[in-house]
K.L.:
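Before we start, here is the structure in question, set down as structure tokens.
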Protein chains: 2
Amino acid sequence: MVRKTKEDAELTRQKIVDAARTVFLARGVSKSTLEHIASQADVTRGAVYWHFKNKTEIFHAIREQVFLPLIDRMDDTLAITADNSQNPLDQIEASMCHTIQELNDNVEMREIYEIMMIKCEYVDEFALVLHQIMNNCSSLVEKIEVAYAHAQSQNLLASTLTPRALALDTHLFFGGLLHMWVKDADGSKFRYQALELIKSHIKLRRK
Amino acid sequence: MVRKTKEDAELTRQKIVDAARTVFLARGVSKSTLEHIASQADVTRGAVYWHFKNKTEIFHAIREQVFLPLIDRMDDTLAITADNSQNPLDQIEASMCHTIQELNDNVEMREIYEIMMIKCEYVDEFALVLHQIMNNCSSLVEKIEVAYAHAQSQNLLASTLTPRALALDTHLFFGGLLHMWVKDADGSKFRYQALELIKSHIKLRRK
DNA sequence: TATTATATACAAACAGGAATGTATGTAAAG
DNA sequence: CTTTACATACATTCCTGTTTGTATATAATA
């Protein structure tokens, strides 16, 4: 029973990607073999090699599942930031809280973040993934900076720091929070109070 | 020319550890083979297997090079914190700046941090390394909290947040900074302004 | 519409290197 | 003379990439 329809084929492809996510999470990217992935997906390596050139391609397929939607959300955030009707500090706070909520609710996203952060070695071809991430960071910082600039012009800020300094501080805080959130798998140290931490962080800036 | 003296043997051991650091950094821990490490150290796998049970043991040996001194420094920091003569906010700031300076000056430390953060997959036996790290984090937060409590009682704080909230925020900030510092290999985004970022972070709290 | 041809979506078998751990050899230190 | 500190050789397992086989969907053609 080979040669399925196009829809069937797309379904097997997705099965392979899902299986790879499970296997990567459990064994790490490097130690995961295509046989592990294939058997987890209930297919043979033949199917895997049909849909993907190698393990790296599967990795990127997984990554796109999170980061293509994420770029969309970034654009949303940009649109929101341009909206002057809302308190910019509330917007920054809501944006960060929203990401944490996503991680809480969306199993796949949570797993992918965990793979990217602590189940993957950024060498060779993966090294340039890091560059992409760093560039995303830069544009993200700029957006936060714009929001803080709005807050400043609306006289909402308690501090005399520049919007840029505030934005960088917030970005580093949130990066740290994401890392700790992911690493705190049992939730005893950071996950349970993540939202409070965000609110405290923003409260520190409110006049 | 085999069978060196004990001092020679200890020297080869150190050569292997240094070689492993280089190889891990270049190829990632998983894809590094004992042959890679051996030839980098100008010995054979026989020497490696004589000194270490397997790759994992070498990994831990590398880790100890950084984290045993680090624990010592933590105790120093604790001692300093108990000293009431100095401004606690200055102490926190100096402590973070000192770590960044270490990373700037100490090549080995920099490389080891990079290996631990982005050249290593935390699976199986490595998973419990993460637990150790998280526990270190907890005690570190507590120390920062004590310092903020001192600052509060000396009326040095601008905010009404609890010392605990401030400490967590600082810890997450610094965790994020370390990650970005390591990932920003060319220094164009974060490294060059790391010390300023720390000062801004603390300035935000000063009355 | 029925038939034929071709491309698709895999499964299964094959060939190769590569890495690990172990076992054995060996020369010098103690 | 024994143990140490390795080097060398060996056995085995594992993983990868490719090749071949094949049943069927789908397009082409008559």
Side-chain angles (χ1 to χ4, degrees), chain A residues 1-62 115 119-121 123-126, chain B residues 1-62 115 119-121 123-126:
Chain A
M1 67 292 272
V2 256
R3 181 52 179 147
K4 326 279 185 61
T5 82
K6 279 187 180 178
E7 299 82 43
D8 284 344
E10 180 53 34
L11 206 132
T12 15
R13 194 196 121 99
Q14 192 54 46
K15 258 173 51 181
I16 292 171
V17 174
D18 290 341
R21 179 162 39 78
T22 303
V23 174
F24 285 169
L25 190 71
R27 323 177 68 114
V29 175
S30 296
K31 287 181 183 170
S32 299
T33 120
L34 295 187
E35 172 58 32
H36 293 147
I37 297 172
S39 70
Q40 172 77 25
D42 277 320
V43 294
T44 66
R45 275 170 51 243
V48 177
Y49 273 108
W50 172 255
H51 286 283
F52 302 95
K53 191 182 159 199
N54 49 33
K55 200 165 70 176
T56 307
E57 268 202 4
I58 307 180
F59 177 85
H60 282 97
I62 291 179
I115 292 170
K119 313 280 186 178
C120 172
E121 299 175 359
V123 206
D124 301 331
E125 58 259 29
F126 294 96
Chain B
M1 71 290 276
V2 259
R3 179 54 179 147
K4 329 279 185 58
T5 81
K6 276 189 180 177
E7 298 82 43
D8 284 343
E10 179 54 32
L11 204 135
T12 16
R13 193 197 122 99
Q14 192 54 46
K15 258 172 51 180
I16 292 171
V17 173
D18 290 341
R21 180 162 39 78
T22 302
V23 175
F24 284 169
L25 190 71
R27 325 178 67 116
V29 176
S30 296
K31 287 180 183 170
S32 298
T33 117
L34 294 187
E35 173 57 34
H36 293 147
I37 297 172
S39 70
Q40 171 77 25
D42 277 319
V43 293
T44 65
R45 277 171 49 244
V48 177
Y49 272 108
W50 173 255
H51 286 283
F52 302 96
K53 192 181 157 197
N54 50 32
K55 200 164 70 176
T56 308
E57 267 201 5
I58 306 181
F59 178 84
H60 282 98
I62 291 178
I115 292 170
K119 314 280 187 179
C120 171
E121 298 175 359
V123 205
D124 302 331
E125 56 258 31
F126 294 96

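The chains referred to below are lettered A, B, ... by the order of the sequence lines, with proteins before strands, and numbering in each begins at 1. Predicted model only: the values in this text are computed from it and were never measured.
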K.L.:
Which side-chain N or O atoms in residues 17-24 of chain B pair as donor and acceptor under 3.5 Å with protein atoms at least two apart or in another chain?
P.N.:
{"residue": "D18(B)", "atom": "OD1", "partner": "Q14(B)", "partner atom": "NE2", "Å": "3.2"}
{"residue": "D18(B)", "atom": "OD1", "partner": "R21(B)", "partner atom": "NH2", "Å": "3.0"}
{"residue": "R21(B)", "atom": "NH1", "partner": "E111(B)", "partner atom": "OE1", "Å": "2.6"}
{"residue": "T22(B)", "atom": "OG1", "partner": "D18(B)", "partner atom": "O", "Å": "3.3"}

K.L.:
To check you understand the geometry: which heavy-atom pair defines the closest contact between V123(B) and K119(A), and what is its length?
P.N.:
CG2-CD, 4.1 Å
K.L.:
Check residues 49-58 of chain A and write down every donor-acceptor pair under 3.5 Å in which the side-chain atom is one partner and the other belongs to a residue at least two apart or another chain.
P.N.:
{"residue": "N54(A)", "atom": "OD1", "partner": "T56(A)", "partner atom": "N", "Å": "3.2"}
{"residue": "N54(A)", "atom": "OD1", "partner": "E57(A)", "partner atom": "N", "Å": "3.2"}
{"residue": "K55(A)", "atom": "NZ", "partner": "V29(A)", "partner atom": "O", "Å": "2.8"}
{"residue": "K55(A)", "atom": "NZ", "partner": "S30(A)", "partner atom": "O", "Å": "3.0"}
{"residue": "K55(A)", "atom": "NZ", "partner": "S32(A)", "partner atom": "O", "Å": "3.0"}
{"residue": "T56(A)", "atom": "OG1", "partner": "E125(A)", "partner atom": "OE2", "Å": "3.1"}
{"residue": "E57(A)", "atom": "OE1", "partner": "K53(A)", "partner atom": "N", "Å": "3.0"}

K.L.:
Does a nitrogen or oxygen in the side chain of H51(B) sit under 4.0 Å from OP1 or OP2 of dA5(D)?
P.N.:
no
K.L.:
Not counting sequence neighbours, which residues clear side chain to side chain contact (heavy atoms under 4.5 Å, CB included) with E10(B)? List them please.
P.N.:
R13(B)
K.L.:
Summarise how protein sits on nucleotides 16-21 of chain C as a single string, 5' to 3': B when a protein heavy atom is under 4.0 Å from the base, S for sugar-phosphate-only contact, - for no contact.
P.N.:
---SBB
K.L.:
I want to check one thing: is the phosphate of dC10(C), taken as OP1 and OP2, less than 4.0 Å away from some side-chain N or O of T12(A)?
P.N.:
yes
K.L.:
Compare side-chain N and O positions of W50(A) against OP1 and OP2 of dC10(C) and report whether any pair is under 4.0 Å apart.
P.N.:
no
K.L.:
Can you check the E10(B) CD to dT4(D) P distance for me, whole Å?
P.N.:
16 Å
K.L.:
Starting from P on dC15(D), measure out to CD1 on I37(A) and report it in whole angstrom.
P.N.:
12 Å
K.L.:
Which atoms form the tightest heavy-atom contact between E35(A) and T33(A), and what is the distance?
P.N.:
N-OG1, 2.8 Å
K.L.:
Going by side chain to side chain contact (heavy atoms under 4.5 Å, CB included), name the residues that satisfy it together with D124(A), two or more places apart in sequence or in a different chain.
P.N.:
none
